[in-house]
Novice: 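Would you mind keeping the following structure in view while I ask a few things?
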2 protein chains.
Amino acid sequence: MPSTAEFAETAALIGDPARANMLIALMDGRALTATELARAAGITPQTASGHLAHLTEAGLLAMTRQGRHHYHRLASADVARMLESIMSVTAGRRPFPTRPARTVTGPRDAALRRARTCYDHLAGQLAVAMADRMIARGEIELFPDGGALSGGGAAFLSSLGVDLEAAHVYAMRRGGGRIFCRPCLDWSERRPHIAGAVGAAMSRAWFAHGWLRRVEGSRAVTLTRSGEMVLGKAFDLGLGEQAA
Amino acid sequence: MPSTAEFAETAALIGDPARANMLIALMDGRALTATELARAAGITPQTASGHLAHLTEAGLLAMTRQGRHHYHRLASADVARMLESIMSVTAGRRPFPTRPARTVTGPRDAALRRARTCYDHLAGQLAVAMADRMIARGEIELFPDGGALSGGGAAFLSSLGVDLEAAHVYAMRRGGGRIFCRPCLDWSERRPHIAGAVGAAMSRAWFAHGWLRRVEGSRAVTLTRSGEMVLGKAFDLGLGEQAA
DNA sequence: GCAACGCTTCGGCCATCGCCGAAGCATCGT
DNA sequence: ACGATGCTTCGGCGATGGCCGAAGCGTTGC
């Protein structure tokens, strides 16, 4: 009876209250650090670390190391679907059980959360929204460990003044395609945005065009009036309360 | 944090190897007895009994008592879907893990398995197939503890010579609607067939019409040539190897 | 560099829970 | 009525596994 054991093991992994809380906390697709997940589960980081190792080895979670932080997220949409199907069977009819004390992440500064630089590229709600739009349109793909710009994506960015030629040359000189286009886990949104040479070229071009402006003494970034016009339209952003 | 605990509890229930094996054994929709499930899980009946009580209380299983047998089955299609989604996440890609020693159920006698009487109504593969067809067409509904014949179902049976009038009168005299139409767990197939006054009227009519014939010294039943013609057509049965 | 921080590994404590033998109830068959 | 069968409850044993404190890397930032 080989694989019936794996089946039970998977379920047993989910069945522990601490691990269950961590998994539920990850169900919105964000990636959280071990310490944050420990808090969500009400256990110490040591204990959480062990749990996370097991969950990752079992293929339920995937982990990305970024500096001294280890970001954990659900390994696939299949895992999320499985968790939801368990919830649907659970007595309480509701599709989502009461959230486990919504973990607050990231900078308190609203402006930073909205848009900022992350090394050489953009981050924050704005950058994540841009990446989402491009993914939805099939202009770009972002995997945990890489990404790819489609022909349409290249044309789109070029039309916005992004110099992909230079980005490509730069990437080739500094380590090949993996540098050209890659995801970066957004540290307030906990979802991927566009990094690599492409991401750098995007921010460089748009600062140069005067569509983006840095906030004094901060990593925060604001869209200028012309930026709202051009980028807001190009990325189909809701032109909402973008005012600083 | 109310319902997150239920979530974990459900998964923990599935996570025990013995319980997992029992659940997997039930995934084909059959209903099995506690002892059979104990064998499938490789544990003693006492232990299985406790497990089954927990699974039932958690809403994963439903139980029907029939004499001294307690038939357990998955509580709903949702539960089956949930189990499948867990399997799909489990490392081994295959949708069904190696079956846990396919439980052999029921009489060895092939003729008995095919068709027989069960008190006053029909049982066996034939009866289960008939019930399945009628359910699929919306002519009848069978719940664990009752059933209902639709208008179309009544017309269909009447066209096959079944005297539903008499059955109704009989049922009313002997305890109300619950007697009229109800399911009976088929003891070889472990799936429901039609019992109650309706089931009795069906077998009575068809014996009278010469479409069914009892086998000497046995509860086994065979379809006659005319029965194959009429019932085979009416129930859309594959006219396969029905030969005794 | 050094201290702070995040994460991990190690060791040992403790509770939970699965397991079975024995015994008690219900049902069936003769 | 009797024994056989199916299921359940009870009690106690044993092991798995979660938990934390302490300590050991690696990264960050001053």
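Note: hydrogens, waters and symmetry copies are ignored here, and every other heavy atom, side chains too, is used. Naming: A, B, ... by sequence-line order, numbering from 1 per chain. Note that the structure is a prediction, hence the values are computed from the model and not measured.
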Novice: Could you tell me whether the phosphate oxygens of D:dT27, OP1 or OP2, come under 4.0 Å of any side-chain nitrogen or oxygen in A:His69?
Specialist: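 Looking at the OP1 and OP2 atoms of D:dT27, neither is under 4.0 Å from any side-chain N or O of A:His69.
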Novice: What integer distance in Å separates B:His70:NE2 from D:dT8:C1'?
Specialist: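 Distance check: B:His70 NE2 to D:dT8 C1' gives 9 Å.
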Novice: Could you state the atom-to-atom distance from NE2 of B:His72 to C1' of D:dT8 in whole Å?
Specialist: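 To the nearest whole Å, that distance equals 11 Å.
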Novice: Polar atom pairs between nucleotides 19-26 of chain D and protein, under 3.5 Å, N or O only, would you list them?
Specialist:
| from | atom 1 | to | atom 2 | distance (Å) |
| --- | --- | --- | --- | --- |
| D:dC19 | OP2 | A:His51 | NE2 | 2.5 |
| D:dC20 | OP2 | A:Thr44 | N | 3.2 |
| D:dC20 | OP2 | A:Thr44 | OG1 | 3.1 |
| D:dC20 | OP2 | A:Thr47 | OG1 | 3.0 |
| D:dG21 | N7 | A:Gln46 | NE2 | 2.6 |

Novice: Checking A:Ser203 now: which residues fulfil side chain to side chain donor-acceptor pair (under 3.5 Å) with it, not counting sequence neighbours?
Specialist: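 Checked A:Ser203 against side chain to side chain donor-acceptor pair (under 3.5 Å); zero matches.
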Novice: Step by step, work out the side-chain contact (heavy atoms from CB on, under 4.5 Å) result for A:Leu32 and A:Met22.
Specialist: CA-CA 9 Å; A:Leu32 299 177; A:Met22 296 195 271; over 6 Å; no
Novice: List in chain and number order the residues that pass side chain to side chain contact (heavy atoms under 4.5 Å, CB included) with B:Glu9, two or more places apart in sequence or in another chain; answer none if no residue qualifies.
Specialist: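 B:Glu9 satisfies side chain to side chain contact (heavy atoms under 4.5 Å, CB included) with no residue once adjacent residues are dropped.
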Novice: How many whole angstroms separate atom CD of A:Gln66 from atom C1' of D:dT27?
Specialist: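 A:Gln66 atom CD is separated from D:dT27 atom C1' by 13 Å.
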Novice: Restricting to salt bridge (charged side-chain N to carboxylate O under 4.0 Å, His left out), what partner residues turn up for A:Arg213, sequence neighbours left out?
Specialist: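 Applying salt bridge (charged side-chain N to carboxylate O under 4.0 Å, His left out) to A:Arg213 gives none.
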Novice: Testing B:Asp16, B:Leu26, B:Thr10, B:Leu61 for side chain to side chain contact (heavy atoms under 4.5 Å, CB included) with B:Leu55, which one passes?
Specialist: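 Exactly one option meets the side chain to side chain contact (heavy atoms under 4.5 Å, CB included) with B:Leu55, and it is B:Leu61.
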Novice: Enumerate, atom names and distances included, each donor-acceptor pair closer than 3.5 Å involving a side-chain atom of residues 43-51 of chain B, sequence neighbours excluded.
Specialist:
| from | atom 1 | to | atom 2 | distance (Å) |
| --- | --- | --- | --- | --- |
| B:Thr44 | OG1 | B:Gln46 | OE1 | 3.0 |
| B:Thr44 | OG1 | B:Thr47 | OG1 | 3.1 |
| B:His51 | ND1 | B:Arg19 | NH1 | 3.2 |

Novice: Which residues pass the salt bridge (charged side-chain N to carboxylate O under 4.0 Å, His left out) test with B:Arg68, sequence neighbours left out?
Specialist: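 By the salt bridge (charged side-chain N to carboxylate O under 4.0 Å, His left out) rule, B:Arg68 matches no residue at all.
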Novice: Between the protein and nucleotides 14-16 of chain D, list every N/O to N/O distance that falls short of 3.5 Å.
Specialist:
none

Novice: Starting at the 5' end of DNA chain D, which residue's closest nucleotide do you reach first, A:Gly67 or A:Arg19?
Specialist: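 Going by which nucleotide is closer to the 5' end, it is A:Arg19.
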Novice: Measure CZ/B:Arg39 against P/C:dC20 and give the value in whole Å, please.
Specialist: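 Atom-to-atom, B:Arg39 to C:dC20, this comes out as 15 Å.
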Novice: To the nearest angstrom, how far is B:Leu52 atom CG from C:dG18 atom P?
Specialist: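 Those two atoms, CG and P, are 13 Å apart.
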Novice: Without hydrogens or angle criteria, can the side chains of B:Asn21 and A:Thr4 be said to hold a donor-acceptor pair below 3.5 Å?
Specialist: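 Their side chains do contain a donor-acceptor pair, which is all the 3.5 Å distance test asks for.
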Novice: Measure CD1/B:Ile14 against P/C:dG18 and give the value in whole Å, please.
Specialist: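 Taking CD1 of B:Ile14 and P of C:dG18, I get 14 Å after rounding.
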Novice: Between atom CD in B:Glu57 and atom P in D:dT8, what is the gap in whole Å?
Specialist: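 Between P of D:dT8 and CD of B:Glu57: 14 Å.
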Novice: On DNA chain D, compare the nucleotides closest to A:Ala12 and B:Ala48; which residue's is nearer the 5' end?
Specialist: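 Per heavy-atom nearest nucleotide, the more 5' residue is B:Ala48.
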Novice: Output all residues satisfying side chain to side chain contact (heavy atoms under 4.5 Å, CB included) with A:Ala11, sequence neighbours left out; order by chain, then residue number.
Specialist: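 Residues passing side chain to side chain contact (heavy atoms under 4.5 Å, CB included) with A:Ala11: B:Ile14.
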